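Step one of this worksheet: look at the structure below.
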2 protein chains.
Amino acid sequence: MGATILDVAKLCGYSKTTISRAFASPEKVSEKTRTIIYKAAKEINYTPDAIARAMVRKKTDNIGFIVADQQYPVVLNPFYSPVFEGVLRTCKEKGYSVFIASESDIHISTGQVYMKKQMDGVIICGQTDKATIESFKSQNIPVVLLNNIIDMDDLVCVAVDNYNGTVQAVEHLIQRGHVDIAIISGNFSPNVYNARYRAFVDTMKKHGLEIDERFVKRVEPSLEASMECTTQLLAQKREPTAIFATNDVIAIGAMKVALRAGYKLPEDLAIVGFDDSDYSEIVEPELSTVRINKLEIGKVASERLIEIIEGKAAEKEVILSETTLLVRATS
Amino acid sequence: MGATILDVAKLCGYSKTTISRAFASPEKVSEKTRTIIYKAAKEINYTPDAIARAMVRKKTDNIGFIVADQQYPVVLNPFYSPVFEGVLRTCKEKGYSVFIASESDIHISTGQVYMKKQMDGVIICGQTDKATIESFKSQNIPVVLLNNIIDMDDLVCVAVDNYNGTVQAVEHLIQRGHVDIAIISGNFSPNVYNARYRAFVDTMKKHGLEIDERFVKRVEPSLEASMECTTQLLAQKREPTAIFATNDVIAIGAMKVALRAGYKLPEDLAIVGFDDSDYSEIVEPELSTVRINKLEIGKVASERLIEIIEGKAAEKEVILSETTLLVRATS
DNA sequence: CTGTTAGCGCATTCAA
DNA sequence: TTGAATGCGCTAACAG
């Protein structure tokens, strides 16, 4: 079937070692030889076998991008998909390929534990537990945690500065003169949820503003849930003049309800989202939101991971990616 | 570092063959033995090495999802990302993992040719050439082509029925009484572009409708390009009463222009898109569009691929996925 | 710059 | 049901 290094060796008279070198480290072979070898290889359609190479080098040049099952649709997920793109780009640049896996992919059939290790390292996204991380480490597979913060030795975490992002959004609303500000929180992982919620509360307090309990909502981050919630919110005698939604989808649900009820945005109601997903520019009027540099998060996480794979000692670190407030047309 | 099968063997007294079997084909080992082995394995944190296994089995249980560089942002691409999700799901079900690669990933450093074969088969998306497909086949790597149709022996192609999708959209507009229908075509690959454009022309003719040349536009499929184009379109003395946009982003660009100019949709202008991307429900009013079953396309492509990987003879075949017209609020 | 020798960790014959 | 032996295709010392 596939030609092997031996076939090439036989064909052109060099030893298999030289053939190997011609492909793995061309600079160690004279140009003349190289040319001959490549020609022979081409003739019989030879390509180095990555598996055999990985076997002996103990390195696959692959990394895994692992997403918890609950968060599946990795790729459909407007947050993770740009992050993933960032990972892809830097990996490509550094010569790595990337696998997508869900948590269940990393457990072998015997049940209990672990994974099939075809990767030199992994980026774990969002929810996990220490045990999972430990199991990777115990197999000498470096881990970088993304969009989550767990307190463990030698663990690099890359996440969003949710707290400050929220402060930016809420202060902006306050500066615009809003006092009756509602929050619709998405039901995210504790880390994310807490940071955004606390920041909202703290910022309101800091500015001497009261938080009306009826203005504090928590929903699944879907269009429908948000629409239902917003409908209730606007049905109260005392209405908020501004809504801070904890992500763009929620914000857009709120927009829909307001628009259909004939509100003018932002005159009658200001809305600010979080994420700066593609949706925010798609929508009309365009949504004010807190921008997360998702590509960069992916980039940083994979850079750190690759450094560790390539020998740098892992040191405990939390990298918080800065957010930017994007004031567009809804606030 | 990582424990090997030998360490387990030493620890529990069985031969490495038995250990191997306990993991690779548990049913060939007595339950008692299995229990002992798993316990020992767990103790020293042993996991089968996927690379070594792949080496001897000549099978990696991986497939590659390959996207042309021009179409990169695979994942950011609202068309490919759900397709990819479909692939992911069926692969997971069948025990395969999936790699994402761009065309440039599959060429080795020596320049000219080919790939590192860590995959049992590949799905190639969109634009490619026969040479690329040939080179995979010559390495015994099965190929399924997705969203493109190329006439080659034993090649399975999975694509969208663009022609009929367009017919659905245009006939719907005609039934609504529209006569002055504009088309804004996205500058897609010839296959896609041609099918949609021809269908538009054919359908108009079939209904005895004239096509005003000023109503025929072709743009890059971006919001900006579409907005600019639509602005021109609506500035003409004679305005179209309906626009068929060849994808949702273009349609949404048109919506934006119309909405900002104070048009009511669909009363003043009807708009129909193509793709049924997430955007179409995000937008207000919600966009009428031609739904492509992207998950299914991914599913079918990967199912076919896996069949071939697992021994079924590849037969030349073109699978066209049916579309559905989704009439929402813009038509 | 090139060749020789030795495995990498596992699944697979074949025997017992 | 279990074990012993041979090799997958390649790279990495170490020499020459």
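Remember, predicted model here, so these are calculated numbers, not experimental data. Naming convention: chains lettered A, B, ... in sequence-line order (proteins, then strands); numbering from 1 in each chain.
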(request) Could you grab the distance from atom CD1 of I309(B) to atom CD1 of I306(B), nearest 0.5 Å is fine? (result)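 It comes to 6.0 Å.
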(message) Let me confirm one number: the CG-CD distance from D161(A) to E322(A), rounded to the nearest 0.5 Å.
(response)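 The distance works out to 5.0 Å.
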(request) Specify the closest pair of heavy atoms between C91(B) and V98(B), including all atoms of both residues, with the distance to one decimal. (result)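 Heavy atoms of C91(B) and V98(B) come nearest at CB-CG1, 4.0 Å.
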Send over the distance from [X] [atom1] to [N] [atom2], rounded to a whole Å.
{"X": "M55(B)", "N": "dC8(C)", "atom1": "CE", "atom2": "P", "result": "12 Å"}
{"X": "E27(B)", "N": "dA11(C)", "atom1": "CD", "atom2": "P", "result": "13 Å"}
{"X": "Y14(B)", "N": "dG3(D)", "atom1": "OH", "atom2": "P", "result": "7 Å"}
{"X": "K10(A)", "N": "dG3(C)", "atom1": "NZ", "atom2": "P", "result": "15 Å"}
{"X": "I51(A)", "N": "dG9(C)", "atom1": "CD1", "atom2": "P", "result": "15 Å"}
{"X": "D61(B)", "N": "dA11(C)", "atom1": "CG", "atom2": "P", "result": "12 Å"}

(request) Give the nucleotide from the list dC10(C), dG3(D), dT2(D) with an atom nearest to the side chain of S15(B). (result)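 Nearest listed nucleotide: dG3(D).
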(request) Can you spot which of D153(A), D154(A), D151(A) makes a side chain to side chain donor-acceptor pair (under 3.5 Å) with K316(A)? (result)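 The passing option is D151(A).
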(request) Would you please enumerate the stems DNA chain C participates in, each stem being three or more consecutive Watson-Crick or G-U wobble pairs with both distances under 3.5 Å? (result)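 Consecutive-pair runs (3 or more) involving DNA chain C: C:1-10 with D:7-16, C:12-16 with D:1-5.
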(message) Go nucleotide by nucleotide along DNA chain D from the 5' end; which of K58(B) and G13(B) gets its closest nucleotide reached first?
(response)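 Closer to the 5' end of DNA chain D: G13(B).
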(request) Starting at the 5' end of nucleotides 11-16 of chain D, put B wherever the base has a protein heavy atom under 4.0 Å, S where only the sugar-phosphate does, and a dash everywhere else. (result) BBB---
(request) Look at the side-chain N and O atoms of T4(B) and state whether any lies under 4.0 Å from the OP1 or OP2 oxygen of dC8(C). (result)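 For dC8(C), neither OP1 nor OP2 has a side-chain N or O of T4(B) closer than 4.0 Å.
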(message) Is S25(B) close enough to dA11(C) that one of its side-chain N or O atoms is under 4.0 Å from OP1 or OP2 there?
(response)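 For dA11(C), neither OP1 nor OP2 has a side-chain N or O of S25(B) closer than 4.0 Å.
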(message) Taking the six-membered ring for Trp, are F84(B) and F65(B) closer than 6.0 Å centroid to centroid?
(response)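 Yes, they do, as the ring centres are separated by less than 6.0 Å.
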(message) Students often mix this up, so state it plainly: with edges at 30° and 60°, are the rings of Y38(A) and F23(A) parallel, tilted or perpendicular?
(response)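 Rings of Y38(A) and F23(A): tilted, as their planes differ by 30° to 60°.
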(message) Does K94(A) have more than 12 heavy atoms from other residues, nucleotides or ligands lying within 6.0 Å of its NZ?
(response)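 Not buried by this count: 12 neighbours or fewer within 6.0 Å.
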(message) Are L146(A) and I124(A) packed together at the side-chain level, in the sense that at least one heavy-atom pair is separated by less than 4.5 angstrom?
(response)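 No, too far: nothing below the 4.5 Å cut-off.
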(request) Give a yes or no answer on whether the side chain of T132(A) reaches the backbone of T128(A) with a donor-acceptor pair at less than 3.5 Å. (result)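 Here the side-chain-to-backbone pair does not exist.
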